[in-house]
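Starting from 1, each residue takes its place in the sequence as its number. Here the structure is a predicted model, which is why all the values come from computation and not from measurement.
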Amino acid sequence: MNSRLIFEISLSLAFSLYVLTRRKDPSVTLAWVLAFIFMPYLGSVLFLLIGYRTIRRKKRKKPTPAKRAHWGSPDEKRENDVVNTWPAGIQSVVRLAEHLTHFPVSTGNAVKLYNEAEASYAAMIRAIQMARHHVHLEYFVYQPDATGEYFREQLILKAKEGVECRVLVDAVGSRKLNDKFVQPMRDAGIQFAFFLPLRFRRPWGLHLRNHRKLLVIDGRKAFIGSQNIGDEYRHLRRQRMPWQDALMEVEGPAISQIQTIFTEDWAFTTQEELKGDLYFPQQTQAGEAALQTLPTGPDENERSLQLIVQTMIHSAQHRVVILTPYLVPSQALAMAIEGAARRGVQVSLLLPGKSDSPMTWYVGRSWYRYFLAAGVEIHENFERFVHAKIAVIDDDLALVGSANMDVRSFRINFENSLLIYGKEGTKQCRQMLESVEASSKQLLMEDVMHEPFYKKVAEGIFRLASPLL
């Protein structure tokens, strides 16, 4: 046995033993072990780049009564009185979400949904122009194009007025931002930072990305959803399809929870802690919506978002509608969707007919026969690329935010979502889903069975890699 073979066996064994002691999902563990055995060098490098998911951050503590009030929750007894009037399934989602994130339900909020890029950007710019103390902007993708430049100029104007401006962008998603683009912001006094910048001494940070999209103004208004900043989010590149996102404008007590997400990410990145009434002002009732913020990521419980989504689906009595641009479900999530359909719940998946990510598109299509056989409705949209991420359960519960229904959003990315409770609060989400469904084509089993052979092969090949995505 030569020394090279001994080294390869030792390398494969070392990495295999590591994942066997750390991984919880057998399919993911098996995929990595096979990669180490058959591709010891490539498999090991890939694991260091995209397989290591441990990250340490300051943990959010279980809220005291004072902290609950700070995060926009009434006293616990009053909150329980409100929640206890809701259906038992919805109550289970509330309790699980609070247990996993420590954010309680916040009542008395106003929400407004934007689903067109021009209206979304205009609302954000108006809010920035109205800022008096601070603007906090956190995005996965911020492009140095005409849209990015316009946002930059508005931030510079506010900074020159004495408004504190902080910009936090992901180092990979916003990798096109160079010093030439950023320096004018810094010169104006804007604090700018990259989340988890790439460093050779920390190669495992490559895939742990901040996929959040949020904007907070003066601690009193916030925007949260799927909308990034860039020209491309008006049209799908190459295919020139209109691009559609969902952006939720929030006012009221829940703002403190959204602000907390930014301040935690900012402190992790820059070591600057933002506290006090200027950042967390006393909130007033702004509407009737009950909200709960869901920050999820590799620093939280690894399966927080998946557990919450599955519990939402299990709670459904009549209808489940899921709108997502990328569908890469785990086996557990797929079974939850199947189970709901088979027990008589009307389940609809609203998906793109064309995508900017061919690999995830093929993986999603590989599940079509499985879902259709269970009675799930599948609607594909060819008129536009709908990048929004929304799920609505029984008209009483909605989930909207930055997270896709895929393995990456569930296990790897830092995501920020919003749970909305009650028929009135979820109305705008329901209306958007109805509009998307009306412009989509419903697929039947014969449509899937008669697709070209090469597509079936591509779906099968890409699905093999889905546990590693």
Side-chain angles (χ1 to χ4, degrees), residues 15 18-29 31-32 35 44-61 96-97 99-103 138-141 168-175 193-199 201-214 224 226 257-258 260-271 293-310 326 328-330 332-333 360 389 399 401-418 465-469:
F15 276 89
Y18 180 82
V19 298
L20 285 170
T21 59
R22 298 295 295 271
R23 292 278 170 176
K24 298 181 177 67
D25 189 325
S27 64
V28 178
T29 300
W32 280 117
S44 302
V45 171
L46 285 175
F47 181 78
L48 288 175
L49 292 176
I50 66 172
Y52 191 86
R53 296 178 186 165
T54 299
I55 187 168
R56 295 181 179 180
R57 299 197 345 166
K58 186 177 180 180
K59 291 293 184 181
R60 193 177 310 110
K61 297 180 180 179
L96 176 63
H99 176 77
L100 293 172
T101 69
H102 297 317
F103 282 143
E138 178 175 352
Y139 278 85
F140 175 60
V141 178
L168 179 62
V169 299
D170 184 77
V172 173
S174 300
R175 60 189 176 276
F194 284 106
F195 186 91
L196 280 182
L198 304 183
R199 297 189 180 97
R201 65 177 181 273
R202 190 173 58 197
W204 49 85
L206 175 64
H207 70 303
L208 300 177
R209 305 322 319 164
N210 189 334
H211 197 242
R212 293 168 178 162
K213 297 102 176 167
L214 61 90
I224 179 173
S226 63
Q257 296 182 10
I258 301 173
T260 296
I261 304 311
F262 177 86
T263 58
E264 288 179 350
D265 289 346
W266 185 259
F268 172 73
T269 304
T270 69
Q271 287 72 56
T293 304
L294 298 182
T296 54
D299 60 329
E300 309 278 349
N301 182 302
E302 187 184 60
R303 300 182 184 277
S304 292
L305 186 56
Q306 180 172 319
L307 286 170
I308 291 167
V309 171
Q310 288 174 196
Y326 312 112
V328 186
S330 65
L333 179 61
T360 55
K389 306 96 165 41
L399 178 73
S402 65
N404 302 300
M405 292 292 164
D406 64 8
V407 175
R408 169 161 286 278
S409 285
F410 284 163
R411 299 178 182 171
I412 302 173
N413 285 343
F414 292 88
E415 304 282 2
N416 201 15
S417 305
L418 201 63
S466 62
L468 305 182
L469 294 179

### Query
Which value, rounded to the nearest 0.5 Å, describes the distance between Thr269 atom OG1 and Asp265 atom CG?
6.5 Å
### Query
Can you name the side-chain contact (heavy atoms from CB on, under 4.5 Å) partners of Ala332, sequence neighbours left out?
Gln306, Gln310, Ser330
### Message
I want to check something: taking the side chain as every heavy atom from C-beta on, are Asp170 and Val141 in contact at a cut-off of under 4.5 Å?
### Response
no
### Query
Given side chains that start at C-beta, do those of Phe268 and Leu196 come closer than 4.5 Å, heavy atoms only?
yes
### Task
Could you verify whether a donor N or O on one side chain and an acceptor N or O on the other, from Thr296 and Glu415, lie under 3.5 Å apart?
no
### Query
Is the closest side-chain heavy-atom distance between Ile261 and Arg212 below 4.5 Å?
yes
### Message
Rounded to the nearest 0.5 Å, what separates atom CG in Leu168 from atom CZ in Phe194?
### Response
10.0 Å
### Message
Is the shortest side-chain heavy-atom distance between Thr260 and Phe103 below 4.5 Å?
### Response
yes
### Task
Nearest 0.5 Å please: distance from the CG atom of Leu399 over to the CG atom of Leu418.
8.5 Å
### Query
Does Arg303 reach the side chain of Arg411, with side-chain heavy atoms less than 4.5 Å apart?
yes
### Nearest-0.5 Å distance that lies between atom CG in Leu208 and atom CZ in Phe195
8.5 Å
### Task
For residues Leu214 and Tyr139, report the shortest heavy-atom separation together with the two atoms involved.
O-CE1, 3.4 Å
### Query
What are the two closest non-hydrogen atoms of Thr293 and Pro295, and how far apart are they?
O-CD, 3.4 Å
### Task
Taking all non-hydrogen atoms of both residues into account, name the closest pair between Leu305 and Ser409 and its distance.
CD2-O, 3.9 Å
### Summary
ring-ring contact (aromatic ring centres under 6.0 Å, His included) with His211: of Phe414, Phe140, Tyr326, only one passes, and it is Phe140
### Query
Roughly how far apart are Ser417 OG and Ile224 CD1, rounded to 0.5 Å?
6.5 Å
#### Entry: Separation of Leu294 CG from Gln257 CD (nearest 0.5 Å)
9.0 Å
### Backbone of Ala171 reached by a side-chain donor or acceptor of Ser174 within 3.5 Å
no
### Query
Which atom pair, heavy atoms only, marks the closest approach of Ala193 to Thr270?
CB-CG2, 3.8 Å
### Message
Going by ring pair (Phe, Tyr, Trp, His ring centres under 6.0 Å), name the residues that satisfy it together with Phe262, two or more places apart in sequence or in a different chain.
### Response
His136, Trp266
### Task
Indicate yes or no: at least one non-hydrogen side-chain atom of Thr360 is less than 4.5 angstrom from one of Asn404.
no
### Task
Return the set of residues passing salt bridge (charged side-chain N to carboxylate O under 4.0 Å, His left out) with Asp406 (not counting sequence neighbours), or none when no residue passes.
none
### Message
Could you check whether any side-chain heavy atom of Val309 comes within less than 4.5 Å of a side-chain heavy atom of Met405, counting everything from C-beta outward?
### Response
yes
### Query
Does any donor atom in the side chain of Arg209 or Asn413 lie under 3.5 Å from an acceptor atom in the other side chain?
no
